Amino acid sequence: LSPLNQEIDWNDRKVRLLRWEYSPDQKLMEVELGITNTTFDGGDKYRYSAWESRKGELNVKPVLEDSDWAVVQIRDVPERFGEISFRMEMPDDENAGMIRMYTNINDVEYTDRIDTKDKKGYQKQRFQTEITAYETEIEDSKKELEVGKTDRYDYKRDRRYGSKKRIPDG
């Protein structure tokens, strides 16, 4: 399964899976990718496809394509899908190979509804997702700091006296 926000090196590009949502009522998935072309060769056109383990090829439609960003919808997703493989390749470079990302019914992010947006709408959603991720990261860091404060020991005393005495907070 492909984790979110992890860079994948592929054909002088860094591809990051930013979001993968699924609306069961609409039988629709939306995949958002961040793409960095490290060669600046102008080859910023990609072909997308998706496969489901039992149904085979699924209907895929890019709804936003930019040089560094793409949003692709996977349509007619089976109700009880197994594993879905989302694929990306370069139509003008057969030697580039294909990059594959995976999800399944247990790991995909569920949503009530997926609305197709314009570029500004997707930008707003992307920024909100990034803000939420940063807020979560900050909260996790604060918790780690608190744990660190309450779990300090006086190691000099431990060595001298052979006891583990806790330093009072404060």
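Predicted model, so just to flag it, every value in this text is computed and none were measured.
- Scanning all heavy atoms of the two residues, the minimum distance from S53 to G82 falls at OG-CA, 3.7 Å.
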Before giving the answer on side-chain contact (heavy atoms from CB on, under 4.5 Å), spell out for L18 and T129 the whole-Å C-alpha distance, their side-chain angles and the decisive distance to 0.1 Å.
CA-CA 9 Å; L18 301 173; T129 301; over 6 Å; no
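- For residues 99-135, the set of pairs meeting the ring pair (Phe, Tyr, Trp, His ring centres under 6.0 Å) definition, not counting sequence neighbours, comprises Y22-Y110.
- The only member of E30, K61, Q73 that meets side chain to side chain donor-acceptor pair (under 3.5 Å) when paired with T116 is Q73.
- Annotation: salt bridge (Lys or Arg N to Asp or Glu O under 4.0 Å) contacts of D115 (sequence neighbours excluded): R113.
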Please evaluate residues L58 and D76 with respect to the criterion side-chain contact (heavy atoms from CB on, under 4.5 Å), reporting the C-alpha separation (whole Å), side-chain torsions for both, the decisive distance (0.1 Å), and the verdict.
CA-CA 7 Å; L58 299 174; D76 304 318; 5.9 Å; no
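- Residue R100 comes nearest to S2 through the heavy atom pair O-OG, 4.4 Å, listed as atom of the first residue, atom of the second, then distance.
- Not a single donor-acceptor pair under 3.5 Å links the side chain of R19 to the backbone N or O of V71.
- Hydrophobic clustering places I99 together with L17 (ILVMFWY residues linked when any side-chain heavy atoms are closer than 4.5 Å, directly or through intermediates).
- A distance-only check finds a donor-acceptor pair linking the side chain of N104 to the backbone of N106 [under 3.5 Å].
- Residues Y48 and L4 are members of one and the same hydrophobic cluster, defined by side-chain heavy-atom contacts under 4.5 angstrom among Ile, Leu, Val, Met, Phe, Trp and Tyr.
- Residue D112 places its CG atom among 12 or fewer non-hydrogen atoms of other residues, nucleotides or ligands, all under 6.0 Å distant.
- E52 contributes atom CD, which lies 9.5 Å from atom CD of E83 (distance to the nearest 0.5 angstrom).
- Between P24 and T111, the shortest heavy-atom distance links the atoms CD-O, 3.8 Å.
- The salt bridge (Lys or Arg N to Asp or Glu O under 4.0 Å) test applied to R87 returns no partner, not counting sequence neighbours.
- The distance from the CD atom of E21 to the CD atom of Q26 is 10.5 Å, given to the nearest 0.5 Å.
- Every salt bridge (Lys or Arg N to Asp or Glu O under 4.0 Å) that D9 has, sequence neighbours left out, goes to K14.
- With a 4.5 Å cut-off on side-chain heavy atoms, M88 and I35 count as touching.
- The two residues E89 and P91 have their closest heavy-atom pair at O-CD, 3.6 Å.
- Between the CZ atom in R126 and the CD atom in E32 there is a gap of 6.0 Å [rounded to 0.5 Å].
- With values rounded to the nearest 0.5 angstrom, D12 atom CG is found 12.5 Å from T36 atom OG1.
- For K119, the side-chain contact (heavy atoms from CB on, under 4.5 Å) partners two or more places apart in sequence, or in a different chain, are L64, D66, W69, Q123.
- By the criterion of side-chain heavy atoms lying less than 4.5 angstrom apart, applied directly or through intervening Ile, Leu, Val, Met, Phe, Trp or Tyr residues, F81 is not grouped with W51; the two fall into different hydrophobic clusters.
- With rounding to the nearest 0.5 angstrom, the CG atom of L33 is 10.0 Å from the OH atom of Y46.
- Just one of Q6, M101, E7 meets the side-chain contact (heavy atoms from CB on, under 4.5 Å) condition when paired with V15; it is M101.
- Heavy-atom minimum distance, R13 versus T38: N-OG1, 4.2 Å.
- For the side-chain hydrogen bond (donor to acceptor under 3.5 Å, both in side chains) test, residues two or more places apart in sequence or in another chain that qualify with T39 are N37, D41.
- Residue K27 qualifies as open at atom NZ: its count of foreign heavy atoms under 6.0 Å is 12 or below.
- No path of Ile, Leu, Val, Met, Phe, Trp and Tyr side chains, each step under 4.5 Å between heavy atoms, connects V63 with V60, placing them in separate hydrophobic clusters.
- Residues K124 and Q128 are not in side-chain contact: their nearest non-hydrogen atoms beyond the backbone lie 4.5 Å or more apart.
- Atom-to-atom distance recorded for I114:CD1 and M29:CE is 8.5 Å, nearest 0.5 angstrom.
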